[in-house]
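Throughout, numbering of the chain's residues begins at 1 and tracks the sequence. Keep in mind that this is a model prediction, so the values were computed, not measured. Hydrogens, waters and symmetry mates are skipped; everything else that's a heavy atom, side chains included, is used.
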Amino acid sequence: MELDSTMLARILTSVTLGFHIIFASMGVGIPLVISIAEFIGIRKKDKAYLLMARRWTRGFTVTVAVGVVTGTCIGLQLSLLWPSFMKLAGEVIALPLFLETFMFFFEAIFLGIYIYTWDRFKNPYLHWLISIPVIIGSTGSAFFIMTVNAFMNTPQGFTLVDGVLRDIQPMVAMFNPATPSKVGHMVFASYATSAYVMAAIAALGILKGKTHSYHKKALNLSLTLAFIFSMGTAVWGDIAGKFLAEYQPVKLAAAEWHFETTDKAEFVFGGILDKEKQEVKYAIKVPYALSILATNSPNGVVVGLNDIPRDEWPPLFIHYLFDSMAAIGGYMALVPVLYFLIVKVRKRMPPKWILWASALGAPLGFLAIEFGWMFAEIGRQPWILNGYLRTMHAATTANNVGEMLILFCLLYAFLGTVCALVLKRMFKDKPVELELEK
């Protein structure tokens with residue numbers, strides 16, 4: 001693999017997106033989790049749930065600050081690293097990019113009001129209502145930025161004349177065929193992962209010997225939400241599969257190492273590919289499952305890679321990204337079921353293994369989001385704007401991208417370290433028991 005300016009631009013963009021998406025996904029999901037905790041606390045008159053909302057909000061503000069920096073880096077790199085893409089498609093995606101920024105400021109304004117109006121209202125529901133605009137802003141921000149990515153996968157809303165986009169219709173471009181599957185899958189994945197972040201904090205607290213009921217309540221709430229959102233992610237994963245079958249069959253075929261167009265196609269999980277013979281060894285194969293995923297029918301026809309020009313094949317290692325994402329999604333849905341079977345049905349204290357499994361859900365959730373994002377982007381190759389502009393023709397020709405890569409990596413290492421230290425310091429001297437006594 002040659003490290004030319006195109007490859008370096010792709011690596012730098014990948015590093016930036018990979019780092020930013022950790023904070024972006026929490027920015028989308030945590031406001032909803034906070035709002036639910038506060039609502040339950042008001043409804044039940046339970047100080048523990050109200051304290052959850054307070055403590056989680058404190059931590060959330062730190063992640064928002066880091067997310068702002070990395071989000072700004074992405075905007076900068078779009079112009080610096082991908083000038084040809086921005087020149088071609090900039091007018092089409094300007095509206096969702098502006099609306100994404102607007103929704104962020106909308107969220108930030110109400111987040112500030114939410115933070116500084118605790119205990120300022122006689123009716124506590126008035127404070128809780130302020131969390132609703134925060135949720136709208138965070139989810140709306142995700143919606144608009146995902147429409148940009150959706151447009152890159154199924155571009156529409158323009159006419160291409162002599163290499164220039166004409167008759168631009170931004171609303172048509174935003175609401176393209178990829179938008180429902182892209183937005184829904186990402187939003188639910190962010191919700192599920194954010195719930196697991198809270199579950200991990202509670203589970204690790206219990207493992208450290210903290211016995212206050214606060215931690216058990218936090219774990220119960222977080223895992224309940226994690227299950228609901230994980231199931232939502234799975235449902236939208238099915239919708240995404242059907243979208244790929246209709247609009248990006250090459251990506252689905254590459255993800256499943258499916259070479260021959262056929263009906264009754266089997267789902268291939270894992271395995272090792274012999275690319276020359278187009279044979280898969282040591283894989284788990286589920287008959288009819290790929291046809292069902294793609295068409296809702298066991299007899300549905302699924303397009304194979306051999307019907308697509310070889311120079312339009314994405315890298316076939318995306319199969320492992322797809323499998324990893326799906327496997328982690330199944331794990332995230334299973335752990336809450338096992339937890340509640342033990343705690344609620346069998347009336348037992350949660351054993352250490354289920355607490356560790358709950359804590360592990362948080363990093364695995366982020367890993368699934370990273371794999372999903374990599375699958376979406378690498379699976380679209382060789383196109384940056386599917387069917388119109390190839391990645392190699394969109395990248396900068398500047399010769400200092402390598403130096404930029406090093407500088408940005410140092411920046412992200414610094415931000416990650418500072419964020420972790422600030423969060424640790426923020427709660428180190430403020431145990432739950434002390435705050436509940438106030």
Side-chain angles (χ1 to χ4, degrees), residues 1-2 7 10 14 18 153-154 178 181-182 185 189 230 233-334 364-383 386-387 390-391:
M1 182 177 65
E2 184 182 355
M7 184 55 65
R10 290 179 65 185
S14 299
N153 283 275
T154 52
S181 60
K182 287 283 183 184
H185 197 55
S230 295
T233 306
V235 169
W236 240 274
D238 180 71
I239 294 171
K242 289 170 176 54
F243 159 78
L244 290 179
E246 182 175 357
Y247 292 96
Q248 291 183 293
V250 62
K251 185 186 288 189
L252 182 63
E256 281 301 302
W257 288 342
H258 183 69
F259 291 94
E260 299 297 333
T261 299
T262 181
D263 60 356
K264 303 176 183 178
E266 58 189 11
F267 186 93
V268 178
F269 183 86
I272 298 174
L273 174 66
D274 185 331
K275 193 173 180 179
E276 295 300 322
K277 296 181 179 179
Q278 297 185 353
E279 293 179 358
V280 182
K281 300 178 181 179
Y282 315 116
I284 299 172
K285 299 181 180 180
V286 184
Y288 307 106
L290 183 57
S291 287
I292 293 172
L293 173 66
T295 68
N296 267 345
S297 169
N299 298 315
V301 176
V302 182
V303 176
L305 284 170
N306 289 335
D307 284 354
I308 299 164
R310 188 173 284 266
D311 68 341
E312 295 184 11
W313 289 16
L316 297 185
F317 71 79
I318 66 171
H319 170 75
Y320 296 114
L321 299 175
F322 184 79
D323 285 354
S324 299
M325 177 177 56
I328 293 172
Y331 176 95
M332 293 172 70
L334 179 61
L364 285 178
F366 286 120
L367 202 57
I369 289 175
E370 298 282 5
F371 286 149
W373 194 258
M374 291 167 64
F375 171 72
E377 298 306 294
I378 297 173
R380 191 179 61 246
Q381 300 307 311
W383 304 100
N386 198 23
R390 289 182 179 248
T391 304

*asked:* The test is side-chain contact (heavy atoms from CB on, under 4.5 Å); show your working for Leu364 and Tyr331 and say whether it passes.
replied: CA-CA 9 Å; Leu364 285 178; Tyr331 176 95; 3.7 Å; yes

Looking at every heavy atom in both [X] and [Y], which two are closest together, and how far apart are they?
{"X": "Leu367", "Y": "Ile328", "result": "CB-CD1, 4.2 Å"}
{"X": "Leu273", "Y": "Leu316", "result": "CD2-CD1, 3.6 Å"}
{"X": "Val303", "Y": "Ala253", "result": "O-CB, 3.6 Å"}
{"X": "Lys264", "Y": "Ser291", "result": "N-OG, 3.3 Å"}
{"X": "Ala294", "Y": "Leu252", "result": "CB-CD2, 4.0 Å"}
{"X": "Gly304", "Y": "Thr261", "result": "N-OG1, 2.9 Å"}

Output the distance between atom [atom1] ([X]) and atom [atom2] ([Y]), rounded to the nearest 0.5 Å.
{"X": "Ile239", "Y": "Leu244", "atom1": "CD1", "atom2": "CG", "value": "12.0 Å"}
{"X": "Leu293", "Y": "Asp238", "atom1": "CG", "atom2": "CG", "value": "6.0 Å"}
{"X": "Phe375", "Y": "Arg380", "atom1": "CZ", "atom2": "CZ", "value": "12.0 Å"}
{"X": "Glu246", "Y": "Thr154", "atom1": "CD", "atom2": "OG1", "value": "10.5 Å"}
{"X": "Ile369", "Y": "Phe366", "atom1": "CD1", "atom2": "CZ", "value": "6.5 Å"}
{"X": "Asn306", "Y": "Gln278", "atom1": "CG", "atom2": "CD", "value": "4.0 Å"}

For [Y], does its backbone N or O pair with a side-chain atom of [X] as donor and acceptor, under 3.5 Å?
{"X": "Asp263", "Y": "Val301", "result": "no"}
{"X": "Thr233", "Y": "His185", "result": "no"}
{"X": "Ser181", "Y": "Ala178", "result": "yes"}
{"X": "Glu256", "Y": "Phe267", "result": "no"}
{"X": "Lys251", "Y": "Ala376", "result": "yes"}
{"X": "Gln381", "Y": "Glu377", "result": "yes"}

*Could you go through the side-chain contact (heavy atoms from CB on, under 4.5 Å) check for Arg390 and Asp311 one step at a time?*
CA-CA 11 Å; Arg390 289 182 179 248; Asp311 68 341; 3.5 Å; yes

*Got more than 12 heavy atoms from elsewhere within 6.0 Å of CZ, Phe259?*
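Check passes, neighbour count above 12.
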
*Does NZ or CZ of Arg310 fall inside the cone over Trp313's six-membered ring, less than 6.0 Å from its centre and within 45° of the axis?*
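So Arg310 does make the cation-pi contact.
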
*Within 45° of the axis and under 6.0 Å from the centre of the six-membered ring of Tyr247, does NZ or CZ of Lys242 qualify?*
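So Lys242 doesn't make the cation-pi contact.
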
_In terms of relative ring orientation, are Tyr320 and Trp257 parallel, tilted or perpendicular, with 30° and 60° separating the classes?_
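Judged by the thresholds at 30° and 60°, the geometry between Tyr320 and Trp257 is perpendicular.
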
*Please walk me through it: do His319 and Val280 pass side-chain contact (heavy atoms from CB on, under 4.5 Å)?*
CA-CA 11 Å; His319 170 75; Val280 182; 5.9 Å; no

*Would Phe269 and Lys285 count as a side-chain contact (heavy atoms from CB on, under 4.5 Å) if you check the C-alpha gap in whole Å, the side-chain angles of each, and the deciding distance to 0.1 Å?*
CA-CA 6 Å; Phe269 183 86; Lys285 299 181 180 180; over 6 Å; no

*Just wondering, do His258 and Glu266 contact through their side chains at under 4.5 Å, heavy atoms?*
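Not touching, per the 4.5 Å side-chain cut-off.
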
*Taking C-beta and beyond as the side chain, do Ile292 and Ser297 meet within less than 4.5 Å on heavy atoms?*
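Side-chain contact under 4.5 Å: no.
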
